[in-house]
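Right, one structure below, let's go through it.
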Amino acid sequence: MIILLLLPSKIKAMAKNLVIVESPAKAKTIEGFLGKEFTVKSSFGHVRDLPKNAIGVNIEKGFDPEYEIPVDKKSVVADLRKLAKGAETVWLATDEDREGEAISWHLAESLQLTPDHYKRIVFHEITKNAILNAIKQPRKIDQNLVFAQQARRVLDRLVGFELSPLLWKKVKPALSAGRVQSVAVRLIVEREKEVQGFKAISSYRVSAIFSVEHDGDITPLKAELPQRFKTKEAAKAFLELCVGAKFTIEDIETKPAKKSPSPPFTTSTLQQEASRKLGFSVSRTMVVAQKLYESGKITYMRTDSHNLSGSAMAMAKEEIEKNYGADYVKLRKYTTKSKGAQEAHEAIRPTYMSVHQAGTDAAGQKLYELIWKRTLASQMSDALLEKTNISIGISTTKKEKFIASGEVVKFEGFLKVYFESTDDEEEESAAGLLPPMKKDQLLPLQEMTATERYSKPLPRYTEASLVRKMEELGIGRPSTYAPTISTIQKRTYVIKESRDGMKRTYSLLTLSNDKITEKEKHEVAGAEKNKLFPTDIGQVVNSFLMEHFSEIMDYNFTAKVEREFDEVAEGQKQWSLVIKNFYWPFHEKVEQTLKESEKYSGQRLLGKDPASGRNVYAKIGRFGSMIQIGDPEETDKPRFASLRKEQTIDTITLDESLELFKLPRKAGEFENKELVIGVGRFGPYIRHDGKFYSLPKEEDPLTVTTEKSIEVIEEKRESDRKKTIQTFDEEPDIRVLKGKWGPYIASGKKNYKIPKDLNPEQLTLEEIKKIISDGTSEAKSRKTKKTSSSKKRK
DNA sequence: CAGTGAGCGAGCTTCCGCTTGACTT
């Protein structure tokens with residue numbers, strides 16, 4: 001039976017033509033365009049690479065790379081080889097960029113294709129016409145472009161596999177360094193330094209609210225003084241000057257303005273907008289986009305091109321005309337400006353503009369909508385605005401004038417569907433419609449305020465804004481932005497988190513009814529949400545690399561080597577010569593650092609311990625950041641203590657570090673067992689009889705009393721009693737408990753859901769054991785599925 | 001989901017850029 005079912009595909013005549021592309025989704029689409037004589041298959045990206053666990057470059061022999069087929073590609077290559085043997089012509093249709101050319105070459109090599117057996121073709125858009133045209137213009141593999149890719153690959157391997165082991169020896173095991181990731185970390189470290197070193201300067205901003213009378217109605221009008229006052233005294237003096245003054249409109253100026261839409265999405269701009277508008281992390285965006293791509297809803301999601309195909313523009317035009325009218329159409333070609341862009345694909349856009357909704361879940365739908373709107377808007381008319389500026393004179397001075405401004409949309413254009421967000425969280429919304437006014441009109445003052453405002457440092461990076469910066473510097477590619485961001489977090493060079501701001505006071509002066517009042521107000525400054533912060537290890541690795549390998553850490557290093565790769569691609573330079581010129585001085589530096597440099601711990605001397613007179617250092621050790629009292633050569637061994645989560649080597653003070661040695665401490669006895677107070681990973685705790693009890697936030701672990709500690713323990717016991725539904729004498733480890741989300745079963749350290757149809761109060765031990773064994777086998781199979789790749793790391 | 005709370009003897013770790021699937025009788 002089974003054999004019969006398989007037969008049709010076995011006896012199907014071997015197609016005359018085999019087309020190979022990189023992505024299986026693309027293969028499926030293209031197969032539909034070509035006739036029966038074409039079979040379309042995919043290579044799933046690169047089919048050969050340098051070995052995983054060795055340098056794989058023959059340095060002595062002209063940097064000859066030792067390519068191999070990775071295990072997960074063996075079957076792909078075997079299948080393709082079989083199909084290629086039976087085909088008259090193999091069409092290598094990988095992307096038209098450096099990597100794509102290299103993939104074609106590796107395919108030709110590993111499928112043993114002779115020059116008369118294959119043809120190389122390229123196309124930039126997945127349409128029937130584009131592909132038929134490509135087939136009419138075949139060429140051979142561009143060997144120089146392949147050499148350029150090889151140079152890129154070998155350089156990255158040499159840098160990564162020589163610098164990383166150096167870090168293992170000099171800093172900490174299992175660290176990594178590379179042309180891309182190390183510079184990404186540098187960006188974050190330096191931004192953090194700028195933020196930390198930033199001194200906020202305050203100045204006073206004056207604004208006024210006037211009354212505008214029109215047809216018996218009174219409308220408030222907000223106006224601002226363009227200049228700021230440096231001191232409170234100056235601001236106050238100005239307000240005093242305005243007491244009893246008359247305010248008159250001196251000038252009304254209106255001028256037209258326009259806004260143009262942004263270009264369609266690339267990988268990086270999609271990541272930025274999805275982060276700002278939908279709160280997606282960079283990797284979430286890519287996973288969701290991948291699903292939309294695989295189901296044929298959008299074009300390829302890893303691209304650096306702003307370009308739309310002719311047919312896409314025609315679809316957009318039709319859609320805009322249908323929904324908004326011909327006035328809203330303005331077709332535009334966008335050029336790509338970003339450094340090192342290779343433009344092998346189109347911009348990210350809906351496959352069919354007439355499909356307004358797609359995606360199987362909320363995330364997919366939202367992302368699709370974003371892509372659809374952005375694409376449509378990119379082909380729409382400019383928005384036409386009218387901006388009005390009103391200049392308001394003050395009778396008591398000629399020097400200063402208030403300015404009120406308004407903006408009216410005359411024609412919405414693309415704003416009907418889309419406007420781009422910005423990273424500036426406090427961006428003031430544009431002023432709207434102004435009430436009718438005329439020159440020389442007198443404006444009664446309602447209230448005038450002078451508010452103290454502080455200057456702000458450059459913002460810390462989000463994942464998405466880091467990607468934008470990397471793209472600007474030409475570092476990394478659309479396919480690597482998300483993986484790089486997760487690598488630097490996995491290595492704990494960088495942590496993404498939210499931090500509370502600090503309360504600060506500011507002054508507010510108010511002039512109202514000819515009286516000036518002064519108030520102190522509070523605001524929270526410097527709070528951060530989901531931003532990237534460097535860790536101690538990130539800082540230490542960064543300064544180590546900056547000290548010894550400034551060339552690679554230079555923001556222009558990639559751009560510099562890319563220029564050389566371009567020369568290789570154009571046949572003006574030999575690839576191995578480019579590598580040779582880079583490698584030997586670099587390698588020399590690695591050897592020298594290995595020999596001459598001490599172990600690098602980012603050690604900082606904080607001062608002397610008043611009790612012992614020994615040196616106190618902050619540094620990183622085997623388990624992270626720590627404080628060390630004393631030097632190893634002294635007769636008394638050094639003492640160690642870990643830093644708290646929020647402390648860093650760079651900022652901790654001597655006093656703070658000595659505090660760390662005061663814990664854990666004994667705090668008396670209870671039930672004949674010792675009470676120990678300490679601070680763990682999750683904050684201050686009391687340890688008693690092998691159990692841990694969290695200390696309430698308001699209690700200071702250094703001063704908490706025995707009585708208070710006992711109280712905390714009793715309270716915890718009481719709440720535990722309350723949440724216990726069932727216990728079993730024969731299995732003390734198994735309990736039925738009441739949690740935040742309803743009843744559950746706790747067995748040792750694991751928890752299990754109770755099926756809805758069972759009553760938790762009457763569960764028998766047998767039923768519970770069954771739930772546990774069902775639960776564990778399910779969890780196990782899920783785990784092996786998900787972590788097959790991450791397992792190797794352990 | 002629900003609780004959590006280490007300690008510095010071995011061997012391994014690592015790059016960037018393409019791309020997603022997962023043994024059979």
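Letters go in sequence order (proteins before strands), and every chain restarts at 1.
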OP1 or OP2 of B/dT19 under 4.0 Å from side-chain N/O of A/R302 | yes

Which part of the nucleic acid, if any, lies within reach of A/S176 when heavy atoms closer than 4.0 Å are counted: base, sugar-phosphate only, or nothing?
-> sugar-phosphate

Give a yes/no verdict on base stacking between B/dT13 and A/W168: centres under 5.5 Å, planes within less than 30° of parallel.
-> yes

For the side chain of A/F44, counting heavy atoms from C-beta on, which of B/dC18, B/dC15, B/dG21 is nearest?
-> B/dG21

With the side chain of A/E99 defined as its heavy atoms from C-beta on, choose the nearest nucleotide among B/dT14, B/dC18, B/dC16.
-> B/dC18

Under 4.0 angstrom, heavy atoms only, what part of the nucleic acid is A/G45 near: base, sugar-phosphate, or nothing?
-> base

A/D156, nearest nucleotide to its side chain (from B/dC16, B/dC15, B/dG5) | B/dC16

side-chain N/O A/R98 vs B/dC16 OP1/OP2, d < 4.0 Å = no

Counting side-chain heavy atoms from CB outward, which of B/dC15, B/dT20, B/dG5 is closest to A/S23?
-> B/dT20

Return no unless some side-chain N or O of A/S164 is found under 4.0 Å from OP1 or OP2 of B/dT13.
-> no

Contacts of A/Y300 and A/L158 projected onto DNA chain B by closest heavy atom; the upstream (5') one is A/L158

Could you say whether A/P173 or A/Q290 is positioned toward the 5' end of DNA chain B, judged by the nucleotide with the nearest heavy atom to each?
-> A/P173

Please assess A/E101 against A/Q149 for the test side chain to side chain donor-acceptor pair (under 3.5 Å), listing each intermediate value before the final yes or no.
-> CA-CA 8 Å; A/E101 201 70 14; A/Q149 191 275 346; over 6 Å; no

Tell me what A/V180 touches on the nucleic acid: a base, only sugar-phosphate, or nothing, going by heavy atoms under 4.0 Å.
-> sugar-phosphate

Looking at B/dC16, does its base get a donor-acceptor pair with the side chain of A/R152 below 3.5 Å?
-> yes

Given atom CG of A/L545 and atom P of B/dC15, what is their separation to the nearest angstrom?
-> 13 Å

Taking N and O atoms by type only, does the side chain of A/R477 place a donor or acceptor under 3.5 Å from a partner on the base of B/dC16?
-> no

Could you walk me through whether A/Q628 and A/Q603 pass the side chain to side chain donor-acceptor pair (under 3.5 Å) test, one step at a time?
-> CA-CA 10 Å; A/Q628 175 184 323; A/Q603 177 169 296; 5.5 Å; no

May I have the distance from A/F586 (atom CZ) to B/dC15 (atom P), rounded to whole angstrom?
-> 14 Å

Atom NZ of A/K52 and atom C1' of B/dC16: how far apart are they, to the nearest Å?
-> 14 Å

Can you tell if the side chain of A/L163 reaches within under 4.5 Å of the side chain of A/F549, non-hydrogen atoms only?
-> yes

Under 4.0 Å between any heavy atoms, over every strand shown, what does A/G100 touch: base, sugar-phosphate, or nothing? Just pick one.
-> nothing

Within 6.0 angstrom of A/K589 NZ, more than 12 heavy atoms from elsewhere | yes

At under 4.0 Å between heavy atoms, what does A/R687 touch on the DNA or RNA strands: base, sugar-phosphate, or nothing?
-> nothing

Which is true for A/S642 with a 4.0 Å heavy-atom rule: it touches a base, it touches only sugar-phosphate, or it touches nothing?
-> base

Tell me which nucleotide among B/dG17, B/dT20, B/dC15 gets nearest to the side chain of A/S479.
-> B/dG17

Selection from B/dT20, B/dC16, B/dT19 that lies nearest to any side-chain heavy atom of A/D95 = B/dT19

Could you state the CD1-P distance from A/I488 to B/dC16, rounded to the nearest angstrom?
-> 11 Å

Under 4.0 Å between any heavy atoms, over every strand shown, what does A/Q149 touch: base, sugar-phosphate, or nothing? Just pick one.
-> nothing

Could you tell me the separation between the CH2 atom of A/W105 and the P atom of B/dG17, rounded to a whole number of Å?
-> 19 Å

The side chain of A/E22 lies closest to which of these nucleotides: B/dC16, B/dC18, B/dT14?
-> B/dC18

Which nucleotide sits closest to the side chain of A/T487: B/dC18, B/dG17, B/dC15?
-> B/dC15

Which part of the nucleic acid, if any, lies within reach of A/P24 when heavy atoms closer than 4.0 Å are counted: base, sugar-phosphate only, or nothing?
-> sugar-phosphate

So, does A/R179 use its side chain to make a donor-acceptor pair with the main chain of A/R157 at under 3.5 Å?
-> no

Step through it carefully: locate the ring centre of A/F63, locate the ring centre of A/Y583, and say whether they are under 6.0 Å apart.
-> yes

Please report, rounded to the nearest Å, how far the C1' atom of B/dG17 is from the CE atom of A/M301.
-> 14 Å

When we call it a touch if two heavy atoms are under 4.0 Å apart, what does A/N53 touch: a base, just sugar-phosphate, or nothing?
-> base

At under 4.0 Å between heavy atoms, what does A/A102 touch on the DNA or RNA strands: base, sugar-phosphate, or nothing?
-> nothing

Please state whether the phosphate of B/dG17, meaning OP1 or OP2, lies under 4.0 angstrom from any side-chain nitrogen or oxygen of A/R179.
-> yes

Tell me: CE of A/M286 to P of B/dT20, nearest whole Å?
-> 10 Å

Do A/S43 and A/L107 have side chains that get closer than 4.5 Å, going by heavy atoms?
-> yes

Out of B/dC15, B/dG17, B/dT19, which has the shortest distance to the side chain of A/R157?
-> B/dC15

Ion pair check, A/E659 and A/R644, cut-off under 4.0 Å | no

Atom NZ of A/K599 and atom P of B/dC8: how far apart are they, to the nearest Å?
-> 15 Å

